[in-house]
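Take a look at the structure below.
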Protein chains: 2
Amino acid sequence: MRNHQVVSVWLEGELGAGRLAIGSRLPGERAMAEQLNISRASVREGTRVLEALGVVRAGVGSGPQAGTIITANPALALDSALRLHVASTHLPVGDIVQTRLLLETWAAAHASPESPALRSATALLDEMDAHDDGPAGFLERDALFHVALAEATGNVLIGAMMGSLRGSIAEYTQRLTTGLPDWEATSGRLRREHRAILEAILSDDGAYAAALVREHIEGFYQESGVHGSAGT
Amino acid sequence: MRNHQVVSVWLEGELGAGRLAIGSRLPGERAMAEQLNISRASVREGTRVLEALGVVRAGVGSGPQAGTIITANPALALDSALRLHVASTHLPVGDIVQTRLLLETWAAAHASPESPALRSATALLDEMDAHDDGPAGFLERDALFHVALAEATGNVLIGAMMGSLRGSIAEYTQRLTTGLPDWEATSGRLRREHRAILEAILSDDGAYAAALVREHIEGFYQESGVHGSAGT
DNA sequence: TAGCTTGTGTGGTCCGACCACATGGCCGTA
DNA sequence: TACGGCCATGTGGTCGGACCACACAAGCTA
């Protein structure tokens, strides 16, 4: 085992034993180096990995925000990993879109009507009605709306995955809108569909909500001139 | 932006521009440090992150396996991230099981009968029949079988996710088997179900395959004394 | 020719130093 | 006493240089 991995292993042990938890502050790099019998450079390499995985957050200076603190951001790991693997052309965007469709339909079917995440989802829809700042602003809120639905299922993993996928698809979706003949008409339709989906979830009609989501997503891609890429 | 992030950004640019691709060898750490105008320590921190995300693989010495080489292992990032986030109790195992069920039923429904991955799946089932090395060996092949099904869909992302999920659940599943009254009977049933699932996929009957997978998984958890954790 | 030796380049590790930063306590002043 | 500025302290961030283990390839040797 390489020395920098000692840090991950050690942390996993501490977490498992309950000696450390989310919000805890790790020992200083110099102290940890001595404690684990490795150099500070190795400690730093280890913490960089933990940081990339969304497990810790490093802050300089002193005070509450300083030091290396345990956080919980599983989406971060997925996010950066997706970016790079897409860039390496090893991960087709079509696969991501397909996965998104899978997760979203499931989320719509299993979202809890009582989830507080639905309140922010409602707020987002209101914003989309109130503001009219073009495709960019609309899609931004659209993405957040869909992530909120995923979070409403209470499943942390699926919520994190949706959050990461959203970022990866954002650019792609943005590009699609440029080919649309009538943005006003499209956005109006999308807004109505959002309301219907939310309504179905709040009425505890998961199956109907899932069907609406499927139509919603597939409809958008079809209108944007993409065929078959999201054939779930 | 911190210096070690320069490496990721630079690599993403190189990949996007096509100057580097999977299999390419990165410049040596010393050369990269000079090229990017950062210290070797920073370069190393950057490559550690890339390594953790499954984007590169580092090898010492000289020859074909030496140096830092671009790979494509998206599952690695998810794998280590899941381990740590589960350890931090931020990610319930139930969520993972639930996600697994979602991905697997979808995979069964969308696996391509012509996929070469199904051949290795068949081989795994034959091995499970031939060898009888207890729950440990059985579950190992069982996991690989399910991952093979996911890969048979051709969706890289879903395949990678399944691979990571299985790893995270492995220990959990292992523990469940200890509570089983009659392992022989259970393994026999699981083997028959595997055959039926594979048969359904090869017959291009995705819907039936998905239903079988659902029963297969839920049945196992129920028999193991877990109730409701996998309620998709 | 076969086998050993040596050279070269790779990542792995370590040390010691300095920097920027944020805080909290000390000290001088009003 | 109360206020305000200064500085000691501890944090992560960065750097340069050094040495190691390793794996291969070229060259030397028997």
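Just so you know, these numbers come straight off a predicted model, no measurement behind them. Protein chains get the first letters and strands the later ones, always in sequence-line order, with residue 1 at the start of each.
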Practice problem: List in chain and number order the residues that pass side-chain contact (heavy atoms from CB on, under 4.5 Å) with A:Q35, two or more places apart in sequence or in another chain; answer none if no residue qualifies. | Solution: A:W10, A:P27

Exercise. With heavy atoms under 4.0 Å as the rule, sort B:T68 into base, sugar-phosphate or nothing.
Key: sugar-phosphate

Self-check item: Qualifying residues under side-chain contact (heavy atoms from CB on, under 4.5 Å), relative to A:R191, sequence neighbours excluded
Solution: A:M128, A:D129, A:F138, A:S187

Quiz prompt | All pairs passing salt bridge (Lys or Arg N to Asp or Glu O under 4.0 Å) where residues 145-154 of chain A contributes a residue, at least two apart | solution = none

Protein-nucleotides 17-19 of chain D N/O pairs under 3.5 Å:
{"from": "D:dA18", "atom 1": "N6", "to": "B:R40", "atom 2": "NH1", "distance (Å)": "3.2"}

Quiz item: Quick one: on DNA chain C, does A:S42 or A:Q65 contact a more 5' nucleotide (nearest heavy atom)?
Solution: A:S42

Quiz item: Could you state the interatomic distance from CG (B:D95) to CG (A:L157), rounded to the nearest 0.5 Å?
Solution: 6.5 Å

Practice problem: Look up atom CG in B:L76 and atom CD in B:E51, then write down how far apart they are to the nearest 0.5 Å. | Solution: 8.5 Å

Quiz item: Does anything in residues 3-13 of chain A reach DNA chain C, meaning a heavy atom under 4.0 Å, and if so which residues?
Solution: A:N3

Quiz item: When you measure from the side chain of A:S115 to the backbone N and O of A:S112, does any donor-acceptor pair fall under 3.5 Å?
Solution: no

Practice problem: Please give the angle, rounded to 10 degrees, between the axes at the start and the end of the helix from C:dT1-D:dA30 to C:dA30-D:dT1, where five pairs define each axis. | Solution: 30°

Quiz item: What parts of residues 54-64 of chain A reach DNA chain D, counting only heavy atoms under 4.0 Å away?
Solution: A:A58, A:G59, A:V60, A:G61, A:S62

Quiz prompt | Contact boundaries on DNA chain C for chain A, cut-off under 4.0 Å to non-hydrogen atoms | solution = C:dG12 to C:dT23

Quiz item: Looking at CG of B:L50 and OG of A:S80, how far apart are the two atoms once the value is rounded to the nearest 0.5 Å?
Solution: 9.5 Å

Practice problem: Output the distance between atom CD (A:E140) and atom CG (A:D133), rounded to the nearest 0.5 Å. | Solution: 10.0 Å

Practice problem: Measure the spacing between CG of A:L103 and CD of A:Q98 and express it to the nearest 0.5 Å. | Solution: 11.0 Å

Quiz item: Taking only residues two or more places apart in sequence or in another chain, which ones pass side-chain contact (heavy atoms from CB on, under 4.5 Å) with A:Q174?
Solution: A:A136, A:L139

Practice problem: Sorted by first residue and then second, give each salt bridge (Lys or Arg N to Asp or Glu O under 4.0 Å) pair with at least one member in residues 154-166 of chain B; sequence neighbours left out. | Solution: B:E104-B:R166, B:D142-B:R166

Quiz prompt | B:R44 CZ to B:T68 OG1 distance, which is reported to the nearest 0.5 Å | solution = 8.5 Å

Quiz prompt | Contacts of type side-chain contact (heavy atoms from CB on, under 4.5 Å), residue B:V86, not counting sequence neighbours | solution = B:L91, B:V93, B:I96

Practice problem: Output all residues satisfying side chain to side chain donor-acceptor pair (under 3.5 Å) with B:E12, sequence neighbours left out; order by chain, then residue number. | Solution: A:R83

